[in-house]
Protein chains: 2
Amino acid sequence: MTQYGRVEKVRLLVVDDDPPIADLVATVARYEGWDAVTANTGEEALRLAGEFHPDIVVLDLMLPGVDGFGVLDRLRRSGTMVPVVFLTARDGVADRVAGLTRGGDDYLVKPFAVEELMARLRTVLRRSAGPNFQRSVLRVGDLSMDEDTHEVRHGEKRLTLTPTEYEVLRFLLRKSPTVMTKAQILDHVWEYGFGGRSNVVELVVSRLRRKLDETSDTGAPLIHTVRGFGYVVRQAGE
Amino acid sequence: MTQYGRVEKVRLLVVDDDPPIADLVATVARYEGWDAVTANTGEEALRLAGEFHPDIVVLDLMLPGVDGFGVLDRLRRSGTMVPVVFLTARDGVADRVAGLTRGGDDYLVKPFAVEELMARLRTVLRRSAGPNFQRSVLRVGDLSMDEDTHEVRHGEKRLTLTPTEYEVLRFLLRKSPTVMTKAQILDHVWEYGFGGRSNVVELVVSRLRRKLDETSDTGAPLIHTVRGFGYVVRQAGE
DNA sequence: CGACAGCTGTCGGGAACCTGTCGATCGGCT
DNA sequence: AGCCGATCGACAGGTTCCCGACAGCTGTCG
């Protein structure tokens with residue numbers, strides 16, 4: 001966790017009245033080595049915030065009883081400045097966007113992709129670590145991805161990726177050199193509940209490969225197929 | 001923080017009886033790498049000023065008990081020359097005049113835009129640094145913005161921007177080369193509580209682009225759209 | 001006090017772009 | 001050789017973005 005300027009595990013509190021969603025987030029976070037607890041009501045959230053002392057909170061805005069804003073209010077009033085990432089329904093507060101990203105907080109529209117949520121959480125943590133924060137750049141071979149500028153470089157050249165391509169590549173880079181199955185990619189990069197169990201992943205990888213080929217100096221492929229298992233980003237020789 | 005002639009973090013004291021507002025300002029300041037503390041009453045403010053030794057103070061004029069002027073008077077009487085920026089309510093026209101003639105260094109009307117407040121604070125800090133005072137000029141490519149003279153130059157030519165255009169461009173320049181989402185731009189450049197939709201940002205960007213195009217020597221765009229994410233100001237080649 | 005001018009935000013049409021489905025083809029493995 | 005997963009061109013529908021037109025507001029000037 002040194003990338004956040006910490007030695008200890010990140011402590012995450014997830015607040016959502018839908019247990020499967022809360023658990024989904026908590027599970028992914030634990031898998032990344034974080035400490036995560038879940039709350040299904042505002043009251044529980046406030047109690048846990050006091051006991052657990054999270055470093056960051058994921059907070060659904062539509063809660064029964066005290067709603068998300070109420071929880072935030074009470075959190076702040078009790079003196080804790082813990083950063084918050086909100087979850088909102090698409091047709092609810094979604095376009096009443098104003099105010100949610102102020103002060104370093106962020107928000108995400110449901111249904112979201114877990115990798116995207118994790119990425120936002122990492123960004124918020126990085127930022128709130130203070131002035132010693134530094135850019136997050138993922139590198140494999142001559143390929144680099146700057147998560148702040150969104151710049152993806154392949155050697156000298158820059159490539160322009162669509163949002164989906166960007167997310168898939170980020171995921172593969174982040175997991176490199178571990179092989180990821182198509183199911184894992186689908187589950188992490190696409191929104192939960194996405195139906196199309198088709199060959200979308202293959203398609204996006206194919207498009208990525210073409211863009212990588214067009215900008216390649218060496219001609220050596222970076223995205224490798226592991227037949228029967230999935231994909232991995234790895235430098236030729238390694 | 002060397003831009004203010006300091007090595008250490010700027011120390012900010014925020015005094016407002018409305019906790020969400022005080023926290024909003026403190027959070028944004030911390031996000032910029034400052035040290036910030038909040039006080040909700042005049043008494044608390046005086047106590048904290050003594051302990052925390054702020055470099056600058058944001059002071060709401062309408063406080064229960066000792067009001068803003070009272071706090072300032074007592075601060076001065078205790079010998080501190082710390083610069084103060086006042087916050088006043090919109091309808092308090094009388095306050096405006098009084099605020100400036102009573103020893104404040106600047107003032108801002110509520111509801112304000114967080115970026116504007118931060119800009120004022122930076123200016124006051126720079127000025128109070130005395131002889132070491134230096135201009136603040138933001139530059140990207142052949143575009144430059146002088147925050148003191150408000151002069152914006154694109155190559156040889158000058159451009160005339162409306163207040164909103166100026167603020168959006170300043171924000172993008174300041175964050176360059178990081179990509180900013182429309183929500184972030186909206187939340188930082190517009191007043192807190194603004195309910196508008198995020199395509200006002202598109203509109204202002206569109207107007208900015210036209211003005212930049214009209215004055216462009218190279219024809220290369222400076223404001224780039226990162227589809228699905230937001231906008232960024234960046235020189236063509238980089 | 002009325003006319004005017006500049007600024008800001010809303011609306012909506014149209015263009016550009018992105019995404020997933022289908023299906024023909026390819027290539028590795030047994 | 002034959003099977004089966006993988007690859008990728010083409011297309012249609014959907015989304016995002018851009019910007020012209022217009023209306024409300026505010027401050028200014030005669």
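Just so you know, these numbers use all the heavy atoms, side chains as well, and skip hydrogens, waters and symmetry mates. Numbers restart at 1 for each chain; the letters A, B, ... are given by sequence-line order, proteins then strands. Source: prediction; values computed, not measured.
- If you take CD of A:E191 and P of D:dT15, they are 11 Å apart, rounded to a whole angstrom.
- Scanning atom types as modelled, one donor and one acceptor separated by under 3.5 angstrom connect the side chain of B:R207 and the base of C:dG9.
- Between the CZ atom of B:R197 and the P atom of D:dT16 there is a distance of 15 Å, rounded to whole Å.
- Within 4.0 Å of B:Y166, counting heavy atoms only, lies no atom of the nucleic acid at all.
- Between the side chains of A:S216 and A:R209, no donor-acceptor pair is found at a separation under 3.5 Å.
- Ranked by how close their nearest DNA chain D nucleotide is to the 5' end, A:V226 and A:R210 are led by A:V226.
- For the OP1/OP2 pair of D:dT16 and a distance below 4.0 Å, the side-chain nitrogens and oxygens of B:K182 include no atom meeting the criterion.
- In this structure, A:E165 atom CD and C:dT19 atom C1' are separated by 10 Å, rounded to whole Å.
- Dashed line: the shortest gap from a side-chain N or O of B:Y231 to OP1 or OP2 of D:dT16 is not under 4.0 Å.
- With hydrogens and angles left out, the side chain of A:N199 and the base of D:dG5 share no donor-acceptor pair within 3.5 Å.
- Contact annotation: B:T225 side-chain N/O to D:dC18 OP1/OP2 distance is under 4.0 Å.
- Comparing B:R227 and A:R227, the nucleotide of DNA chain C nearest to each residue sits closer to the 5' end for B:R227.
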* To do: Determine, step by step, whether A:R76 and A:D105 satisfy the salt bridge (charged side-chain N to carboxylate O under 4.0 Å, His left out) criterion, reporting the C-alpha distance in whole Å, the side-chain angles of both residues, the deciding distance to 0.1 Å, and the verdict.
  => CA-CA 13 Å; A:R76 293 286 185 254; A:D105 294 339; 3.5 Å; yes
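- Ring-plane geometry between A:Y192 and A:F112 is classed as perpendicular, the angle between the planes exceeding 60 degrees on a 0 to 90 degree scale with a lower cut at 30.
- When distances run from any side-chain atom of A:E202 to the nucleotides D:dT7, D:dG20, C:dT21, the shortest one goes to D:dT7.
- Atom pair B:H224:NE2 and C:dC17:P shows a separation of 15 Å (rounding to whole Å applied).
- By the 30° and 60° cut-offs, the orientation of the rings of A:F69 relative to A:F86 is tilted.
- Rounded to whole angstrom, the span from the CG atom of A:L203 across to the C1' atom of D:dA12 amounts to 14 Å.
- Between A:F229 atom CZ and D:dA6 atom C1' there is a gap of 15 Å when expressed in whole angstrom units.
- Nearest nucleotide to the A:T162 side chain, out of D:dC18, D:dG9, C:dT19: C:dT19.
- In this structure, A:W190 atom CH2 and C:dT21 atom C1' are separated by 14 Å, rounded to whole Å.
- What separates CG of B:L212 from P of D:dC19 is a distance of 12 Å, to the nearest Å.
- By the 4.0 Å N-to-carboxylate-O rule, A:R30 lies too far from A:E32 to be salt-bridged with it.
- An OP1 or OP2 oxygen of C:dT19 is reached within less than 4.0 angstrom by a side-chain nitrogen or oxygen of A:T164.
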